[in-house]
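Here the structure comes first, spelled out in structure tokens, and everything after it is commentary.
Note that the structure is a prediction, hence the values are computed from the model and not measured.
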Amino acid sequence: MTRLDRGASQLEFVRTKDIIERHLPVGRSTIVDVGGGPGRYAAWLSAIGHEVHLLDPVAIHVEQARAAAGNDQKFTAQTGDALSLPWPDGFADAAGLLDPLYHLAERDKRIKCLREALRVLKAGGILFAASINRFVSSFEGVFKALFADPEFVKLAAHDLETGQHLPAAGSHYFATAYFHRPEEFQDEILKAGFSLNGLLGLEGPFWLLKEFDDIWKTNEGRTHILRLAKELEGEPSLLGASAHLLAVARRPK
């Protein structure tokens, strides 16, 4: 079981797949999955008929992805750096940056990562890029009663002020990361040279439901959550309520 199989991350996974499938062109696409981890998205994309090439910096993730690809190698997987992609210019119809950007603390590195994705895309190629919202720790502090911990109080305050999520060594809180404001994330996408189709909230406020698992496991509850999350995904006034943002952008023709 991976992170995407637990709690509100299940909503993130289903919503991400829905948005990707809605925006991919009809027919078989060549897709690069940068920072693709153990291959959950790569396995899904290859299963629905696309040619997928996964890249991840962590060797054990690549081993897991290759195992997921199976003996018939439904998709390729290799180790590599999101700041220096191994594919030639104009290689792909679509690119996924569903993990790398929030692991890059410096703005210039995030823009370099985005520009590498731009380089390997064909003219008109589509990008799916994810970020973590600046306000996540503040919300979790209230809804999960974490503000009783002085370490978390300090962590959440620093997140809110700077976007730099810097847990102490050995902390059980989420790893070192960068948390974006929605307008900042949009600016970085545009600065890298993309045209922005949309900036979407993946989970809306529904990831904060105290009884999320109980609601999600019922067909009726899951249907209502997914319907409302889709209806509200592009509402500017609610973008800050979502744990994750997904930018859908294109390389200009």
Side-chain angles (χ1 to χ4, degrees), residues 3-4 7-26 29 31-37 40-42 44-45 48 50 92-104 110-111 113-114 117-118 121 124-136 138-140 163 177-209 212 216 222-252:
R3 176 185 72 83
L4 295 173
S9 294
Q10 298 170 94
L11 173 58
E12 174 195 348
F13 186 47
V14 173
R15 288 275 299 130
T16 300
K17 291 193 295 181
D18 173 57
I19 293 168
I20 289 174
E21 197 160 20
R22 278 190 271 140
H23 288 87
L24 281 175
V26 175
S29 292
I31 303 172
V32 294
D33 184 8
V34 182
R40 290 299 302 280
Y41 289 106
W44 164 67
L45 287 165
I48 62 174
H50 299 292
D93 300 294
L97 296 178
L98 301 177
D99 187 70
L101 293 175
Y102 52 79
H103 289 301
L104 297 171
R110 293 193 297 273
I111 292 175
C113 178
L114 286 162
L118 183 79
L121 281 171
I126 192 163
L127 171 76
F128 303 98
S131 72
I132 298 177
N133 211 314
R134 175 69 62 92
F135 314 108
V136 162
S138 296
F139 289 147
E140 286 192 319
Y178 187 78
F179 295 172
H180 281 89
R181 289 181 177 274
E183 65 273 16
E184 176 188 26
F185 188 39
Q186 176 175 308
D187 179 68
E188 290 179 4
I189 298 290
L190 297 174
K191 184 73 173 178
F194 285 95
S195 60
L196 188 66
N197 284 28
L199 185 62
L200 308 176
L202 281 180
E203 305 95 342
F206 307 109
W207 66 286
L208 295 166
L209 287 166
F212 179 88
W216 182 258
R222 186 167 59 252
T223 297
H224 284 307
I225 288 174
L226 289 172
R227 176 180 59 81
L228 288 168
K230 183 177 180 178
E231 288 179 1
L232 300 174
E233 67 185 10
E235 172 55 48
S237 63
L238 288 176
L239 287 178
S242 189
H244 294 84
L245 301 172
L246 188 68
V248 181
R250 288 192 181 276
R251 176 174 177 169

Heavy-atom side-chain contact between [X] and [Y] under 4.5 Å:
{"X": "N197", "Y": "R250", "result": "yes"}
{"X": "L24", "Y": "D93", "result": "no"}
{"X": "T16", "Y": "W44", "result": "no"}
{"X": "S131", "Y": "L101", "result": "no"}
{"X": "F128", "Y": "V248", "result": "yes"}
{"X": "Y41", "Y": "I31", "result": "no"}

[atom1]-[atom2] distance between [X] and [Y], expressed to the nearest 0.5 angstrom:
{"X": "C113", "Y": "L97", "atom1": "SG", "atom2": "CG", "value": "4.5 Å"}
{"X": "R222", "Y": "L11", "atom1": "CZ", "atom2": "CG", "value": "11.0 Å"}
{"X": "L199", "Y": "E183", "atom1": "CG", "atom2": "CD", "value": "9.5 Å"}
{"X": "E203", "Y": "L245", "atom1": "CD", "atom2": "CG", "value": "8.5 Å"}
{"X": "W207", "Y": "H244", "atom1": "CH2", "atom2": "NE2", "value": "9.0 Å"}
{"X": "I126", "Y": "I20", "atom1": "CD1", "atom2": "CD1", "value": "9.5 Å"}

Should R227 and E231 be marked as a salt bridge (charged side-chain N to carboxylate O under 4.0 Å, His left out) after you check the CA-CA gap, both sets of side-chain angles, and the distance that decides it? CA-CA 6 Å; R227 176 180 59 81; E231 288 179 1; 3.4 Å; yes
Under the 3.5 angstrom rule, does the side chain of [X] hit a backbone N or O of [Y] as a donor-acceptor pair?
{"X": "E235", "Y": "L232", "answer": "no"}
{"X": "E12", "Y": "L4", "answer": "no"}
{"X": "R251", "Y": "L118", "answer": "yes"}
{"X": "E21", "Y": "D18", "answer": "no"}
{"X": "S242", "Y": "L202", "answer": "yes"}

Where do [X] and [Y] come nearest, in terms of heavy atoms and distance?
{"X": "H23", "Y": "I19", "result": "ND1-O, 2.9 Å"}
{"X": "A192", "Y": "L114", "result": "CB-CB, 3.5 Å"}
{"X": "L127", "Y": "A117", "result": "CD1-CB, 4.1 Å"}
{"X": "N133", "Y": "P182", "result": "OD1-CD, 4.1 Å"}
{"X": "Y102", "Y": "D99", "result": "OH-OD1, 3.0 Å"}
{"X": "L239", "Y": "G201", "result": "CD2-N, 3.5 Å"}

Return the set of residues passing salt bridge (Lys or Arg N to Asp or Glu O under 4.0 Å) with E233 (not counting sequence neighbours), or none when no residue passes. R15, R22
Taking ring pair (Phe, Tyr, Trp, His ring centres under 6.0 Å) as the test, write out the residues that go with H180, two or more places apart. Y178, F185
Using the rule given for side chain to side chain contact (heavy atoms under 4.5 Å, CB included), can you reason through L209 versus W216, listing the C-alpha separation, both sets of side-chain angles and the distance that settles it, and then say yes or no? CA-CA 10 Å; L209 287 166; W216 182 258; over 6 Å; no
Does the ring-ring contact (aromatic ring centres under 6.0 Å, His included) test come out yes or no for F135 and F179, once each step is laid out? CA-CA 8 Å; F135 314 108; F179 295 172; over 10 Å; no
